[in-house]
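As the structure lists them, so they are numbered: ligands from 1, and atoms in each ligand from 1. Just so it is clear, the model here is predicted, and its values are computed rather than measured. We count residues from 1, following the sequence as given.
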Amino acid sequence: MSITSRTITRRKLLQLGSALAASSVAAIGTPIAAAADAPRLEEKDSTAQSLGYRHDATKVDKAKFPTFVAGAICANCRLYQAKKGDAWGGCQIFGAKLVNAKGWCAGYVKAAA
Ligand code: SF4
């Protein structure tokens with residue numbers, strides 16, 4: 001038995017790595033739309049805390065999150081997923097949990113006008 005028949009070639013290893021990377025990117029890049037009756041994100045959620053999420057954007061800790069700008073709220077964030085006027089909606093960061101339309105977190109990306 002030759003060693004080469006049992007050895008993963010460098011090319012195969014690179015192919016596996018590329019496939020794994022592609023599947024990871026696809027999984028991350030695929031937003032999970034939260035259903036209207038989905039649970040609401042809690043401010044004490046660890047990810048919410050790390051991103052400074054608040055249900056009321058006026059209560060964001062501006063010293064800790066200096067990227068916050070007045071007027072930035074979930075409802076005008078590119079990652080927000082809801083119908084116009086909905087009080088709560090999905091967010092591509094928080095997956096299956098709803099965020100408040102008047103909320104904010106450090107993941108905010110201004111939606112195109
Ligand atoms: Fe709100 Fe946007 Fe942060 Fe999601 S990413 S919680 S929609 S500000």
Hey, is NZ on Lys59 packed in by over 12 heavy atoms from elsewhere, all under 6.0 Å?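 Counting other residues, nucleotides and ligands, NZ of Lys59 stays at 12 neighbours or fewer.
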Take Thr67 and Tyr108 through the test side chain to side chain contact (heavy atoms under 4.5 Å, CB included) and record every step on the way to the result. CA-CA 9 Å; Thr67 58; Tyr108 178 84; over 6 Å; no
Could you pull out the N/O/S protein atoms under 2.8 Å of atom 4 (Fe) of ligand 1, ignoring any water?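 The answer, once waters are left aside, is Cys91 SG.
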Shortest non-hydrogen separation from [X] to [Y] and the atoms involved:
X: Glu43; Y: His55; result: OE2-N, 2.6 Å
X: Ile93; Y: Gly107; result: CD1-CA, 3.8 Å
X: Tyr53; Y: Cys74; result: CE1-SG, 4.3 Å

Indicate yes or no for a side-chain donor-acceptor contact from Asp86 to the backbone of Gly89 under 3.5 Å, with no hydrogens or angles considered.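 Side chain of Asp86 to backbone of Gly89: no pair is present.
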